[in-house]
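One structure is given below, encoded as structure tokens.
These figures come from a predicted structure and were not determined experimentally. In what follows, chains are A, B, ... by sequence order, proteins preceding strands, each numbered from 1.
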Amino acid sequence: MARANDEAAALIQELADLLSITGGDAFKIRAYEKAARAIAGHPGDIAGLDLAGLRAIPAVGDAIAKKVLDYNATGTIRQVEELRLQIPAGVRALTEIPTLGPKKALALYDELGVSSVDELATAIGEGRLRGLKGFGAKTEENILRGIELLRSAGERVLVDAAASVADEIVAALSALPQVERCAHAGSLRRMRETIGDVDVLAASRDPRPIMEAFTALPLAAEIVASGDKKTSIRTPKGLQVDLRVIPPESWGAALQYFTGSQAHNIRTREIAVRAGLKLSEYGLFHAESGDLIVSATEEEVYEHLGLPWIHPALREDGGEIEAALKDALPRLVTVDDLRGDLHSHTDLTDGIASLEDMAAAARARGLEYYAITDHAPDLVMQRMTDEKMLAQRERIRELQKEYPDLVLLHGTELNIGPEGDVDWDADFLSGFDVCVASIHSHFTQDQATMTRRLVRACENPHVHVIGHPTARSIGRRPPVDADWDEVFRAAARTGTAMEIDSFPDRLDLPADLIRRAQRLGVKFAIDTDAHSLGHHRNIRYGVGTAQRGWLTPDDVINTWPLTRLKAFLNPT
DNA sequence: GCCGTTTTCGGCCCGACTGTTTTCAGTCG
């Protein structure tokens, strides 16, 4: 799965990390970090590029291009190897501890020889940090707390968990009389697939009571920091929530700033600086006079930087600034664009709602067509039979009479076997309106086998959609290993759509693979894979992932009118 | 180390909070 791009980017990022510990020039470190992002996000494979090709990547100059050539030839970068001899990997790991950065990590290593998180915990236990310059009692306490957080997997949470915390806090704060506006920002607004902390923004002239109400919420199990402008808490489950209160007239600039990403903000602020301006969360100002230009809305801020408004899902410094400058931003797909859902289950297999209730939920979403796709017999535990499937088809035909405005499609979710074969013969398969095919077992095949397996599934004329293609489960099961460009080329050639499964722990395809697939001409289906009525609400996460993959409505087959969709499913 | 519709040299995003400090460095986002 790891491409040369990702490995080279990781090495250059490591170089930046190691230099920040050894005290390298801060601007050089930033240059490496920027280049690492550019290389990771570069659409082409860097393995085949020469010096000129590498230098054409933005933020990659002569020096970094040569390091990448070094990587292409040897699989590593000489400078990284040299620095690794100076700074043990464990010292870099120390900077993973919240509140402990590169400077403190180096001090601990130089003064005490501490080179791992475990050694640091021991050193504190033995009182060896006492008297070390810059390390007071409070710092020691914070480090211990940070180690605890690190170990208790106080990690990123799934997007739906973060969204429910954010919704609760925004609702509570919005009810306060002092609050004029309140919304969440940060990685949740950008719809990242996992969320490290929740950012909430409130507009008010009177911050104090808001901060007090915030820290008094039942969700505030711990207060991490508190000031008049910014307060941070941790929920009982360990999720950090940052609240920023800004004056109402700063709303647009603040929302832009706190939505990030940090890399995107650096780009927008650089544009401001070059134009003799200064951009902060309080507004866009003339650099010289300090006079305010705009701050009320995001649109105004972008406009005065010479840019169209950029959708939050694109704000990753992944080419959106360049596209905006050329007025070439995509018109991103939205939930409202979707006319149908091509993947759902009923209680005939592992769903928990009836066919009738699922159809009613689809109608409530305002869909024009809706596919029921229960599991096929090869997933033996689902106990599917030909008879059951045909009986369901009859029930759907009956039910259709009650749904003049919603076309019910009869489909199935096939199982892609280890060799790429699927359930049923061609004759039986041809009876379905739509067939999704997915991997449910044999996740650990080698890359060549897995690639053949997926390509073969694409080549089956009865397979219309590859369901949750990487089969990953975020935080639990890694994606399967395939040569994805090879799979995508097969999908584009055979007219097989790649699914974007909306389950918060799947979000599969992931956004980076969506972008690669789209560039190769692949079409997509954004589905809920609903197994219950509540799962229909997950669609916003699938759409958010599609947006992060830069998809337009035309890229997504279930935004199409039914006639166009049917032509795609059954080409003549 | 990168980069240029002011620049091939001299810049490089900006602000909040904490802790250990008496004026600021470190960390974070």
Would you indicate what A:I97 reaches in the nucleic acid, counting non-hydrogen atoms under 4.0 angstrom: base, sugar-phosphate, or nothing?
-> sugar-phosphate
Name the nucleic acid region contacted by A:K278, choosing base, sugar-phosphate or nothing; use a 4.0 angstrom heavy-atom cut-off, strictly under.
-> sugar-phosphate
Assess whether one donor atom and one acceptor atom, taken from the side chain of A:Q262 and the base of B:dG29, lie less than 3.5 Å apart.
-> yes
A:L144 CG to B:dG19 C1', straight-line distance once rounded to whole Å | 16 Å
Smallest heavy-atom separation, A:G146 atom then A:P98 atom, equals O-CD, 3.8 Å
Is there a donor-acceptor contact under 3.5 Å linking the side chains of A:R331 and A:T552?
-> no
A:R269 atom CZ is separated from B:dC12 atom P, nearest whole Å, by 14 Å
Look at the side chain of A:F27 and decide which nucleotide, out of B:dC12, B:dT18, B:dA16, has an atom nearest to it.
-> B:dC12
Classify the side-chain pair A:D242/A:S232 by whether it contains a donor and acceptor separated by less than 3.5 Å.
-> yes
Could you work out which one of B:dC17, B:dG26, B:dG1 sits closest to the side chain of A:A225?
-> B:dC17
Among the nucleotides B:dG1, B:dC14, B:dG19, which one has an atom lying closest to any side-chain atom of A:S280?
-> B:dC14
Can you tell me how far P of B:dG19 sits from CG of A:L100, to the nearest Å?
-> 14 Å
Provide, to the nearest angstrom, the distance between the CD1 atom belonging to A:I233 and the C1' atom belonging to B:dC28.
-> 17 Å
Using a 4.0 Å heavy-atom cut-off across all strands, classify A:D62 as base, sugar-phosphate, or nothing.
-> sugar-phosphate
Please tell me which of the listed nucleotides, B:dC12, B:dC14, B:dT27, lies nearest to the side chain of A:E270?
-> B:dC12
Closest to the 5' end of DNA chain B, once A:S226 and A:G276 are matched to their nearest nucleotides, is A:G276
Contact class for A:I64 (heavy atom, under 4.0 Å): base, sugar-phosphate, or nothing?
-> sugar-phosphate
Does B:dT22 fall in syn (glycosidic angle within 90° of 0) or anti?
-> anti
Indicate, with a heavy-atom threshold strictly under 4.0 Å, whether A:A137 touches base, sugar-phosphate, or nothing.
-> sugar-phosphate
With heavy atoms under 4.0 Å as the rule, sort A:R274 into base, sugar-phosphate or nothing.
-> base
Would you indicate which nucleotide in B:dG1, B:dG26, B:dG29 comes nearest to any side-chain atom of A:A31?
-> B:dG1
Candidates B:dG29, B:dG19, B:dC14 - which lies nearest the side chain of A:D199 | B:dG29
Does a side chain donor of either A:T334 or A:D337 reach within less than 3.5 Å of an acceptor in the other side chain?
-> yes
May I ask you to decide if A:R190's main-chain N or O and A:R548's side chain share a donor-acceptor pair within less than 3.5 Å?
-> yes
Same-atom distance (P) from B:dT20 to B:dG26, integer angstrom | 14 Å
For B:dT18, does either OP1 or OP2 sit under 4.0 Å from a side-chain N or O belonging to A:K230?
-> no
Say you pick atom C1' in B:dC17 and the same atom in B:dT21; how far apart are they, in whole Å?
-> 15 Å
Could you work out the separation of B:dG1 and B:dT6 based on their P atoms and round it to a whole Å?
-> 28 Å
May I ask you to verify if any side-chain N or O of A:Y282 is less than 4.0 angstrom from the OP1 or OP2 atom of B:dA16?
-> yes
Are a donor atom and an acceptor atom from the side chains of A:E249 and A:Y282 found within less than 3.5 Å of each other?
-> no
Atom CG of A:L11 to atom P of B:dG1: distance rounded to whole Å?
-> 16 Å
For atom NZ of A:K104 and atom C1' of B:dC24, their distance in whole Å = 12 Å
B:dC17 OP1/OP2 closer than 4.0 Å to side-chain N/O of A:S232 = no
Measure from the side chain of A:V273, starting at C-beta and using heavy atoms only, and say which of B:dG1, B:dC14, B:dG15 lies closest.
-> B:dC14
What's the CZ-C1' distance between A:F135 and B:dT27, to the nearest Å?
-> 12 Å
Go through the side-chain N and O atoms of A:T76 and A:E81 and say whether any donor and acceptor fall under 3.5 Å apart.
-> yes
Of the candidate nucleotides B:dA16, B:dG19, B:dG1, which contains the atom at the shortest distance from the side chain of A:E281?
-> B:dA16
Between B:dC17, B:dG1, B:dT20, which nucleotide gets closest to the side-chain atoms of A:K229?
-> B:dC17
When you get a sec, tell me which of B:dG19, B:dT27, B:dC14 is the closest nucleotide to the side chain of A:T139?
-> B:dG19
Please determine if a side-chain N or O atom of A:N265 lies less than 4.0 Å away from the OP1 or OP2 oxygen of B:dG29.
-> no
For B:dT18 and B:dC12, measure between their P atoms and round to the nearest Å.
-> 28 Å
When you measure from the side chain of A:H42 to the backbone N and O of A:A38, does any donor-acceptor pair fall under 3.5 Å?
-> no
Which comes earlier along DNA chain B counting from the 5' end, the contact point of A:P102 or that of A:I57, where each point is its nearest nucleotide?
-> A:I57
Nearest-Å distance for atom pair CG/P, residues A:L15 and B:dC2 | 11 Å
Once you apply the 3.5 Å cut-off to both distances, tell me the Watson-Crick or G-U wobble partner of B:dG15, or none.
-> B:dC28
